[in-house]
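Only one structure is covered here, and it is reproduced in the block below.
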Amino acid sequence: MNIVTTLQNAVSQAVEQLYGDSTESSKVLVNPTPPDFTGDYSIVIFPFVKVAKKSPDAAAAEIGAHLTEYISEIKSFNVVKGFLNLEISDTYWQGLLQSVVADPSFGRLPKNGKKVMVEYSSPNTNKPLHLGHIRNILLGSSCSSILEAVGYEVVKTQIINDRGVAICKSMLAWLKFGEGKTPESTGIKSDHFVGDWYVLFEQKSKVEYEAWQETEEATSVFQSKHKPDQDETTFFKDFKNKWFNDYSKLGAEVRDMLLKWEAHDPEILALWKKMNGWVYAGFEKTYGDLGVSFDKLYYESDTYLLGKDIVEDGLSKSVFFKKDDGSVWVDLTDAGHDQKVVLRADGTSVYITQDLGTARMRHHELKCDRYVYVVADEQNYHFQVLFETLKRLGEPYAAGLHHLSYGLVELPKGGRMKTREGTVVDADDLIEEVIRIATEQSKDRGEAETLSAEEKQENFRRVGMGALKFFIIKVHAKKKMVFNPEESVDLQGQTGPYIQYSYVRINGLMQRIEKEGIDCSIATQYANIQPQEKELLVALLDYSSVVQKAAEEYDPSLVANFSYDLAKKYHRFWHDLSVFSAETPEARAFRLTLSRAVGQVLKSSMGLLGVEMPERM
RNA sequence: GCACCGGUAGCUCAGCUGGAUAGAGCGCUGCCCUCCGAAGGCAGAGGUCGUGAGUUCGAAUCUCGCCCGGUGCACCA
């Protein structure tokens, strides 16, 4: 059992025996003792002074004496201002260290027989992935790893938005202006190739709109429809969508294409497949660079008509109701939400209809206990409505639904990651850039010079990707974050490479153990554990509870911050104490073993974030 | 207007199931490689934890009001 839990139970019992009052052991507060005080763990005594009918210090002393008597792991205690500081015996710490080193899966939990689906990425097929996707992907994939570490069977999925007006824009632009060009003929990465036609379409459409604004038709539209306080510029800005739907030639062509697609026109379908194929090939490359994968892909072209049966079901259960015009609604006003359409009067689906249908279809297929949707926080309301509706429909999996919502990634000067503004940070460019900088920095240092070219490249890649991934994951998902391109590839301070560096140091030690044939078994005879060693042990002990908390809260940033904290403590340890030239052979063996344990846990925890450790850097 | 989220050092972020003097990193000022890799360590400057009240022995943390910022409130997806 974890020492913290032991202490909680012991305090709970002590209070009961001494003062005859029962306290829930989980409510006993056990904190690591701050550095300025003597001890390893501190217990807050204030909650017990009432039942003890004593001063905080007197009660603390009494409880301390009681604990020391009954709990063998406690070496000594002291009392400061109502805080009971406990010192844990070296025997316990020795045992912990040995158990970490002996257990390659330390911190992980055995299979729990439960299954969870994590849906992430879910891109559109009309443009390449950008920084926003990267946050989504890293959150989804690290969450998957964390859930797996606590015992779940994880099914990683994405729903690809492969249909609709957007992809038709790319298709149309390519047909009209493409002159048969292909990714191969132009040498452009294939998803970017498709995205370029989308951009071209938007440009052409803008030109058409500007020209239209000069026509008599436009003038009369402005005359008849503008609000009193609107000048021409602001009116036409607002009017853009309406224009595109009602007046634009290109708009008409796109809608015509979408209709043909929906009617399964063979030529259009073939074109659609070709262009989406290009996009998928490009995505595949980016996913590979990011080191992520999926177990199951869903395509919106297969799911967008789902959900009509669930509407029938909802009507028969009176969860939904029908309005006079035939449209179907769900009323969630008593849950603090609004009424929501789930089926149009003409019988066609809306956004939520397909999500309802997809949820049921997927559960039928996957039978998971939990379903996690990694989707930007703009859709918070949508998911509240979706989950509440599924709950009312009595769907058996409704209690296990979770929206992992994340905030916008902003650029330092406040630009949004949108294609239109042209300030978008492209995923592939970013990946290339971080690796380039890592390579440059490593070359300057020259530490990796003895490695082969491939090994070097692989190490640099790990450093660059480690920097990027850590930078993004360390911020709590729900906060919007500022992405500073320069800082993101910084290799000093609170960064991925800082953590990797401590691992590389440890790796060097391990190689030396190997080479010099050092016997570490006498580590257990080391008697005088130093504060710098103790704080590492305390941190190691915490690993599994951090992973569990991260899984419960779907929060990878906890693991990132844990890793950084552990690395920081290791650097301090390294600086303050000698390992190889330690005072005694026992101290050397102990510190080597401790280093091994730290290296193992660092590799494991960073692994949960998808960050790989370099051997040298 | 209503709802949700955020507001902690110049900047980027931890801490938020109430607990000891509010922590890191970057940047700034200085130190530390004749000893295991200095992508490291140490020290200093820098904070009315948005704001006002309340609860409490104790509030960055809980409650309420207000201010600022963001997002959502489509028979769009």
Separation of B:A74 atom P from A:K340 atom NZ, nearest Å, is 6 Å
Does B:C76 have its OP1 or OP2 closer than 4.0 Å to a side-chain nitrogen or oxygen of A:R344?
yes
Touch check for A:Q384, heavy atoms < 4.0 angstrom, all strands: base, sugar-phosphate only, or nothing?
nothing
For atom CH2 of A:W574 and atom P of B:C33, their distance in whole Å:
17 Å
Which class fits the ring pair A:F470 and A:Y564: parallel under 30°, tilted 30 to 60°, perpendicular over 60°?
tilted
In whole angstroms, how far is the P atom of B:C76 from the CD1 atom of A:I352?
14 Å
How far, in whole Å, is B:G25 from B:G15 if one measures between their C1' atoms?
15 Å
Where at least one partner belongs to residues 463-481 of chain A, residue pairs that pass salt bridge (charged side-chain N to carboxylate O under 4.0 Å, His left out), sequence neighbours excluded:
none
Under a 3.5 Å cut-off for both contacts, is B:U61 paired Watson-Crick or G-U wobble with anything, and if yes, with which nucleotide?
none
Look at the aromatic rings of A:F483 and A:F471 and report parallel, tilted or perpendicular, splitting at 30° and 60°.
perpendicular
What integer number of Å spans the P atoms of B:G41 and B:A53?
42 Å
Under 30°, 30 to 60°, or over 60°: which ring-plane class applies to A:W272 and A:W261, parallel, tilted or perpendicular?
perpendicular
Take atom CG of A:L408 and atom C1' of B:G72, then tell me their distance rounded to the nearest Å.
14 Å
In whole angstroms, how far is the P atom of B:C76 from the CG atom of A:L343?
12 Å
P atom, B:U12 versus B:U56: distance in rounded Å?
38 Å
For salt bridge (charged side-chain N to carboxylate O under 4.0 Å, His left out), just list the numbers for A:E583 and A:R591, CA-CA rounded to whole Å, side-chain angles, deciding distance to a tenth of an Å, and then say yes or no.
CA-CA 11 Å; A:E583 318 83 74; A:R591 286 175 197 159; 2.9 Å; yes
Among B:C5, B:A38, B:A77, the one nearest any side-chain atom of A:R505 is B:A38
Identify whether any heavy atom of A:Y498 sits under 4.0 Å from a base atom; if not, whether one sits that close to sugar-phosphate; answer base, sugar-phosphate or nothing.
sugar-phosphate
Could you give the distance separating B:U61 and B:G50 at their P atoms, to the nearest angstrom?
8 Å
For A:S442, answer base if it contacts any base atom (sugar-phosphate contacts may also be present), sugar-phosphate if it contacts only those atoms, and nothing otherwise; contact means non-hydrogen atoms under 4.0 Å.
base
Within this structure, what is the CD-to-C1' distance between A:E514 and B:C36, rounded to whole angstrom?
17 Å
Partner lookup for B:G23, please. Criteria are Watson-Crick or G-U wobble with both distances under 3.5 angstrom; report none if nothing qualifies.
B:C13
Would you call the rings of A:F387 and A:Y373 parallel, tilted or perpendicular, where under 30° means parallel and over 60° means perpendicular?
tilted
With hydrogens left out and only the distance checked, is there a donor-acceptor pair under 3.5 Å joining A:D325's side chain and the base of B:C75?
yes
What interatomic distance, in whole Å, is found between C1' of B:G18 and the corresponding atom of B:G58?
8 Å
Rounded distance in Å - CZ (A:F383) to C1' (B:A77):
12 Å
If the sugar-phosphate is the primed atoms plus P, OP1 and OP2 and the base is the rest, what is the B/S/- string for nucleotides 12-25 of chain B, using protein heavy atoms under 4.0 Å?
SSS----BBB--BS
Any residue of residues 578-594 of chain A with a heavy atom less than 4.0 Å from an atom of RNA chain B
A:S578, A:V579, A:F580
What's the CD-P distance between A:E300 and B:C76, to the nearest Å?
14 Å
With a 6.0 Å cut-off on the ring centroids, do A:F573 and A:Y570 count as close?
yes
Whom does B:C36 pair with, Watson-Crick or G-U wobble, provided both distances fall under 3.5 Å?
none
Spacing of the C1' atoms in B:C67 and B:U29 (rounded, Å)
37 Å
Base, sugar-phosphate, or nothing for A:V165, non-hydrogen atoms under 4.0 angstrom?
nothing
